[in-house]
**Student:** 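Please find one structure pasted underneath; my questions will follow.
Lettering of chains follows the sequences in order, A, B, ..., and the numbering in each one begins at 1.
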Number of protein chains: 2
Amino acid sequence: MTAAEQEYIKQIYTGIADGHLPMQTYMLAELVGAKPASATDMVKKLTLKGLLNYRKNHGFSLTESGEQVALQIIRRHRLWELFLTENLKIDWKQVHAMANELQSINSDLLVNNLEAYLGYPVYDPHGEVIPDAKGHLPQTERMEIYDLKVNQGATVTGFRDSGSAFLAYIEKLGLLIGVRIQVTSLIEYNHSVEIAISQVSSFIITKETAQKIYVTINE
Amino acid sequence: MTAAEQEYIKQIYTGIADGHLPMQTYMLAELVGAKPASATDMVKKLTLKGLLNYRKNHGFSLTESGEQVALQIIRRHRLWELFLTENLKIDWKQVHAMANELQSINSDLLVNNLEAYLGYPVYDPHGEVIPDAKGHLPQTERMEIYDLKVNQGATVTGFRDSGSAFLAYIEKLGLLIGVRIQVTSLIEYNHSVEIAISQVSSFIITKETAQKIYVTINE
DNA sequence: TTATATAATTAGACAAGACTAATTTTATAA
DNA sequence: TTATAAAATTAGTCTTGTCTAATTATATAA
């Protein structure tokens, strides 16, 4: 598989995981940074390879084997992201782009040894779970900040958006992985959420942001 | 620069370093694993970019800036090779192909942090010197086994050929980096060389092989 | 039900990098 | 000096992945 095909498959997987089922052409094009016409071409090609279910003009989804392929690419991407931050000390906001190039190196030996070297990690630096060599995702029960009730306390465990602008905003707010937060109020008007970081700060985030931050409820 | 352009530039550099000056089309084609017609196309393109000196039908060499580019690619290649063997414990005979993919990721941040992580190494796993961030090569005085005189003792410090078949042969003979050898006789007939590994073994290698193994004379 | 905005697709073009087949150059040997 | 083998180049084709512009489908609102 070419690097481009792999990137498309990966974006289809994450798009669907974010609730866009079936996936649509214009959305895929946006995710990979191309025009819809290019996405249509690639969707046709991936369909011929048996990786997508595609109904012309009605979107597409991954087949069983397409999903397995996607999980392998995501595995590589997340392992490299972790290596870049943990070992090479590269800023977590910058590793996504580099990992996008590294993910295309499709060698089981390389990836499995990298995984062992990193100590069989479960989470990447953005809090996303890393599929194992068989494509199995570790189960974690977590929700979005947006799902929390007022006064409910939780711990930040990950983010749905790996773009550097979003991550810079998160960093500025101090909402890093492991930080404990509490919802202090819900704004009825536009569904924004006010949250507090224990004794440190308190601020309002939009609904969209609250849906992009994963948390686990404190015991 | 595309990955293909980078691979061509790297091969031109190493070809010239092995004494092929000027470099010729058929040789470059062989080094990159393509047909001569493809090499001609690429040579024209690289010439337009100011990286090669090219006289039609008379070969080519690197310009000043072409050499700087080549050293950066070689730097990346060798740093990755070292990472793959040292850290990921991948067999040294297999790392060349993987490093060929990794070398195309052209990020100073990535490469410089990788270099720091590896502890600013001087040699890659095949004994080749690693250029620094400015493209300077550490000076080492070393020669080929073929240059040694009878009874002269020396230590293996590297290899000119990174192909897995050659490296497997080297491994079989026990001529790994750091091993002390002695030339026991020179075969006049075909310029083969008989060498001994102290008390361990003794065998004959061809002239070609003797020219591919670097040694440093023992003090 | 019809008009319309949005999304999707098609057709055709282009750049990169590779190939084959044919031709031209160069160097060498007779 | 001429014939010839080896090397290099050219011309034309193919695949991948992208694009623009034009056309067609779909869903929604009047």
**Student:** How many Å lie between CD on A/Glu5 and P on D/dT15, as a whole number?
**Tutor:** 14 Å

**Student:** Given A/Gln6 and A/Gln72, is the side chain to side chain donor-acceptor pair (under 3.5 Å) satisfied, shown in steps?
**Tutor:** CA-CA 10 Å; A/Gln6 294 188 48; A/Gln72 290 305 318; over 6 Å; no

**Student:** With A/Phe83, which residues qualify under ring pair (Phe, Tyr, Trp, His ring centres under 6.0 Å), at least two apart?
**Tutor:** A/Trp80, B/Phe83

**Student:** Considering residues at least two apart in sequence or located in another chain, which fulfil the side-chain hydrogen bond (donor to acceptor under 3.5 Å, both in side chains) criterion with B/Thr206?
**Tutor:** B/Thr209

**Student:** Please name all residues satisfying side-chain contact (heavy atoms from CB on, under 4.5 Å) with A/Lys49, sequence neighbours left out, ordered by chain then number.
**Tutor:**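 Residues passing side-chain contact (heavy atoms from CB on, under 4.5 Å) with A/Lys49: A/Glu5, A/Lys45, A/Leu51.
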
**Student:** Reckon B/Tyr26 has a side-chain N or O less than 4.0 Å from the OP1 or OP2 of C/dT26?
**Tutor:**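 So the side-chain polar atoms of B/Tyr26 never come under 4.0 Å of the phosphate oxygens OP1 or OP2 of C/dT26.
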
**Student:** Could you tell me which residues satisfy side-chain contact (heavy atoms from CB on, under 4.5 Å) with B/Thr25, sequence neighbours excluded, listed by chain and number?
**Tutor:**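 For B/Thr25 the side-chain contact (heavy atoms from CB on, under 4.5 Å) partners, ignoring immediate neighbours, are B/Pro36, B/Ala39, B/Thr40, B/Phe60.
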
**Student:** List in numerical order all residues of residues 16-25 of chain A for which some heavy atom is under 4.0 Å away from an atom belonging to DNA chain C.
**Tutor:** A/Gln24, A/Thr25

**Student:** Which side-chain N or O atoms in residues 124-132 of chain B pair as donor and acceptor under 3.5 Å with protein atoms at least two apart or in another chain?
**Tutor:**
{"from": "B/Asp124", "atom 1": "OD1", "to": "B/His126", "atom 2": "N", "distance (Å)": "2.7"}
{"from": "B/Asp124", "atom 1": "OD1", "to": "B/Gly127", "atom 2": "N", "distance (Å)": "3.0"}
{"from": "B/Asp124", "atom 1": "OD1", "to": "B/Glu128", "atom 2": "N", "distance (Å)": "2.9"}
{"from": "B/His126", "atom 1": "ND1", "to": "B/Glu81", "atom 2": "OE1", "distance (Å)": "3.1"}
{"from": "B/His126", "atom 1": "NE2", "to": "B/Trp92", "atom 2": "O", "distance (Å)": "3.1"}
{"from": "B/Asp132", "atom 1": "OD1", "to": "B/Lys134", "atom 2": "N", "distance (Å)": "2.8"}
{"from": "B/Asp132", "atom 1": "OD1", "to": "B/Gly135", "atom 2": "N", "distance (Å)": "3.1"}
{"from": "B/Asp132", "atom 1": "OD1", "to": "B/His136", "atom 2": "N", "distance (Å)": "2.9"}

**Student:** Just by distance, do the side chain of A/Asp18 and the backbone of A/Gly15 share a donor-acceptor pair under 3.5 Å?
**Tutor:** no

**Student:** Using atom names, set out every protein N or O paired with an N or O of nucleotides 22-27 of chain D below 3.5 Å, distance rounded to 0.1 Å.
**Tutor:**
{"from": "D/dT26", "atom 1": "OP1", "to": "A/His58", "atom 2": "NE2", "distance (Å)": "3.3"}

**Student:** My understanding is that only residues two or more places apart in sequence, or in another chain, count here; which of them pass side-chain hydrogen bond (donor to acceptor under 3.5 Å, both in side chains) with A/Asn113?
**Tutor:**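 So A/Asn113 forms no side-chain hydrogen bond (donor to acceptor under 3.5 Å, both in side chains) with any residue.
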
**Student:** Kindly state each residue pair satisfying ring-ring contact (aromatic ring centres under 6.0 Å, His included) with at least one member in residues 6-29 of chain B, sequence neighbours excluded.
**Tutor:** none

**Student:** Under the rule for side-chain hydrogen bond (donor to acceptor under 3.5 Å, both in side chains), what residues qualify as partners of B/Ser185, not counting sequence neighbours?
**Tutor:** B/Glu194

**Student:** Mind calculating the distance between CZ (A/Arg55) and P (C/dA8) to the nearest angstrom?
**Tutor:** 13 Å

**Student:** At under 4.0 Å, does any side-chain N or O of B/Lys44 touch on OP1 or OP2 of D/dT10?
**Tutor:**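 So the side chain of B/Lys44 is within the cut-off, an N or O lying under 4.0 Å from OP1 or OP2 of D/dT10.
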
**Student:** Below 4.0 angstrom, which residues in residues 31-43 of chain A have at least one non-hydrogen atom near DNA chain D?
**Tutor:** A/Ala34, A/Lys35, A/Ala37, A/Ser38, A/Asp41, A/Met42

**Student:** Considering residues at least two apart in sequence or located in another chain, which fulfil the side-chain hydrogen bond (donor to acceptor under 3.5 Å, both in side chains) criterion with B/Asp108?
**Tutor:** none

**Student:** D/dT16 phosphate, OP1 or OP2: any side-chain N/O from A/Tyr8 under 4.0 angstrom?
**Tutor:**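 No, A/Tyr8 has no side-chain N/O under 4.0 Å of OP1/OP2 on D/dT16.
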
**Student:** In whole angstrom, give the distance that lies between atom CG of A/Leu48 and atom P of D/dT15.
**Tutor:** 14 Å

